[in-house]
A.B. asks: 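What follows is a single structure, and I will ask about it in a moment.
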Amino acid sequence: MSFIPGQPVTAVVQRIEIRKLRQGEHLILGFSIGGGIDQDPGQNPFSEDKSDKGIYVTRVTPEGPAEVAGLMMGDKVMQVNGWDMTMVTHDQARKRLTKKNEDVVRLLVTRKSLEQAVKHSMM
Amino acid sequence: MPMNRYADMEDKLRILEDLNMMYIRQIALSLQDSNIQKKIDHEIRMRDGACKLLAACSQRDQALEASKSLLTCNIRIMAYMSELQRMKEAQVMQRVALRSSDAGPTDDRLPCKGKVAISDLRIPLMWKDTEYFKNKGELHRCAVFCLLQVGAEIHDTDMVIVDRTLTDICFDNTIVFSEASPGFELRVEMYSCCSEEDYSTGSTSRKLASKLSSSLGRSAGKKLRVAMDPGACSPISNGGGATLLLPLPTVVGPKYHLLAHTTLSLSHVQDSFRTHDLSISGNEECSHWVPLYGNVCCRLAAQPHCMTQQMMSGCLKVKFGGDPQSWTNVYGVLKGTNLFCYHRQEDVEANIEPAFTISINKKTRIRASEKDRHNKAQSICISNHYGGEEVTHTLSADSREDTHRWMEAFWQQFYDMSQWKQCCDDLMKIELPSPRKPTLVTSKQGSLYHEMVIDTSDDISTVTDILARRMEELELRSQLGTSPPWMSLFEESPGCPRTHNRLPHSPLRCPRPGLLSSEASLTSDSDSPCSTSPCSRYSGWAEPLSLSSPSSHFRPRTLSLDAKLSTLRGRGYGGVLQCSCQPPSSSSLAPIPAQCVPQATLSCSSSTSSNSSSEGSHSPELSDGTPFSRPSSARQSLRNLRAKLDPRNWLQSQV
């Protein structure tokens with residue numbers, strides 16, 4: 001999940017499709033994000049590489065839309081509906097997830113267990 | 001016997017000074033201009049006063065101010081002297097020119113003068129980040145002020161103390177020069193002085209020190225004078241040079257040095273802010289160094305008199321277009337880019353709207369037409385283009401001389417407009433500096449980071465509290481067998497970490513709502529506030545008040561937490577964010593064991609305390625499921641902003 005500057009980032013990702021839930025006039029997804037290029041990466045408890053400024057899932061509300069879709073805490077969000085999330089500010093990330101005219105968000109997330117699973121399966 | 005020599009020296013110098021003053025007065029007399037003479041006398045008196053004050057004062061601020069006045073006085077005296085010299089020379093040259101057989105008076109048209117105002121001076125600084133973040137006890141401070149000079153008119157700005165908490169040096173003064181020609185050169189000079197050294201000679205007695213300094217100074221001053229002899233400029237050679245009233249006895253006290261300067265002229269005049277380059281003299285080694293970015297921003301505006309005053313007025317007859325018979329009698333006033341035509345002269349004072357207005361701008365063409373068949377006098381044709389159409393007005397004055405004067409006025413107007421260029425397009429606003437308001441002393445020119453105060457009284461107890469809680473919490477967690485949240489990364493089934501055992505609600509639940517509602521949110525989330533409703537919908541979602549499990553265990557701690565929270569609330573929200581009572585959660589990371597959603601609950605109470613906690617932990621987020629009303633939006637937005645801007649936070653947003 002860490003990146004080497006100058007090299008393309010590769011990761012094993014899982015596709016997660018979350019249907020937003022309507023709560024009155026709000027559409028909620030049911031998780032919280034942390035991180036961003038404008039944030040201090042050293043405080044990210046989930047990242048392996050403490051210089052990783054990506055967007056991480058810090059909390060998943062139980063039985064919320066995100067959890068139902070398979071999102072887990074500590075996942076790193078790579079893309080949202082095709083938009084890159086590896087080099088965005090915190091606010092940009094939040095906005096990409098909370099667009100009012102979108103009912104569904106399709107995330108590409110990565111987590112360490114995925115990589116390990118792939119590795120194991122290849123051995 | 002050295003003292004004798006000094007005494008001798010002193011006497012001689014005094015005589016020479018008196019001679020010089022006489023010389024100055026003579027010049028002034030011959031020029032029949034006592035104005036400058038008075039000014040020089042005034043400045044000399046001010047200078048003496050400043051010297052005395054400097055010698056007598058003990059406080060650093062006073063000394064800085066006195067030194068500043070001293071420098072200003074000196075520079076003013078120099079300026080007046082040179083002005084006087086210049087005028088004398090001009091007079092002499094004129095006489096010479098008249099005497100010689102020149103080809104008649106040259107038709108030099110002089111442009112009108114105008115007001116030039118410079119305001120809102122701002123000089124950005126460029127501190128090195130090492131300078132900014134290092135924690136030295138003493139701030140390196142400098143006192144800075146600017147001198148603005150046009151011709152012989154010198155104005156000074158207020159003095160500003162600069163230290164590394166400032167990002168820009170701002171001078172709020174508006175300075176207006178009333179009589180400036182379009183070719184003016186406004187010289188901006190920035191002087192600085194280090195305000196830290198101890199420059200007072202403590203040991204020597206005051207009197208002796210001043211006497212020594214002044215007497216030594218005179219001889220040193222004489223050397224300076226000789227060195228700075230202007231040479232051929234002085235008509236009277238008195239051995240020492242023309243201006244003996246040079247500064248100065250080297251006085252003990254803070255000394256200002258020139259740090260940067262620039263010259264502004266008509267091309268820099270604009271009705272908005274502009275940035276100009278500064279030439280910096282000095283480098284990092286100097287004591288008076290201030291790290292300048294190299295620019296100065298200011299608003300330089302000019303109001304030429306031709307735009308603000310009536311340049312010409314008189315009775316006229318106006319004819320529109322080519323219609324030969326319709327002459328209208330008007331009273332015309334030429335001002336700015338318009339010729340206002342009033343029905344009667346009285347209308348001008350009465351502020352009645354003019355009958356019509358003819359614009360006189362750069363695109364207007366004026367010519368004198370041949371003698372009209374009906375009138376004996378010449379008439380003047382003014383043509384303008386109004387939206388593609390050419391409109392012509394014909395003016396006729398009562399007599400030939402009047403016509404001539406009007407033409408003269410028009411030519412002068414055109415000349416002025418060509419000289420003042422962009423200043424004549426539109427009238428620029430100049431705000432006159434209001435009579436001296438008492439300067440509001442800001443308590444501290446601090447930056448955003450300095451505003452966040454961590455209450456020291458809570459510090460130690462906070463830290464110990466946090467540590468203790470953390471330890472206990474870890475124990476508890478291991479007891480109940482749940483893993484830290486990041487362990488879930490390695491787990492296969494997503495449902496694992498969620499244990500559903502909930503400890504019974506603690507009775508502490510009740511008093512919470514009141515507290516938490518007021519202190520609730522410090523998050524960055526505004527778009528999708530999921531606060532209220534999900535709580536009801538999703539039983540699984542954190543119940544905000546179940547500080548239950550840990551609290552029951554932590555009862556003694558949470559009592560103190562309770563107390564702290566209530567004191568917090570009492571202290572109000574003012575600009576102070578308390579870091580006390582940081583509950584163990586350091587928000588999301590430390591889960592409440594046995595809670596469905598680890599972070600949610602204690603984050604509620606964590607949101608009471610400030611986000612700028614000393615541990616730099618995560619900022620609290622909007623506790624989902626708080627059924628409470630949000631605090632007033634203004635307060636909340638301020639806190640949100642604070643939370644967002646503090647780089648020590650790692651923001652989390654609920655989506």
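Numbers restart at 1 for each chain; the letters A, B, ... are given by sequence-line order, proteins then strands.
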A.B. asks: What I'd like to find out is whether the side chain of W650(B) reaches to under 4.5 Å of the side chain of P41(A), using heavy atoms alone.
C.D. replies: no
A.B. asks: Who are the side-chain hydrogen bond (donor to acceptor under 3.5 Å, both in side chains) partners of S47(A), not counting sequence neighbours?
C.D. replies: none
A.B. asks: Find out whether V655(B) and R94(A) are in side-chain contact, i.e. whether some heavy atom of one side chain is under 4.5 Å from a heavy atom of the other.
C.D. replies: yes
A.B. asks: Treating Q654(B) as the side-chain partner and G30(A) as the backbone partner, does any N or O pair qualify as donor plus acceptor under 3.5 Å?
C.D. replies: no
A.B. asks: If only side-chain N and O atoms count, and only distance matters, is there a donor-acceptor pair under 3.5 Å linking Q652(B) with S32(A)?
C.D. replies: no
A.B. asks: Give, for atom OG of S653(B) and atom CG of L97(A), the distance between the pair rounded to the nearest 0.5 Å.
C.D. replies: 9.5 Å
A.B. asks: What's the separation between atom CG in D38(A) and atom CG in L651(B), rounded to the nearest 0.5 Å?
C.D. replies: 7.5 Å
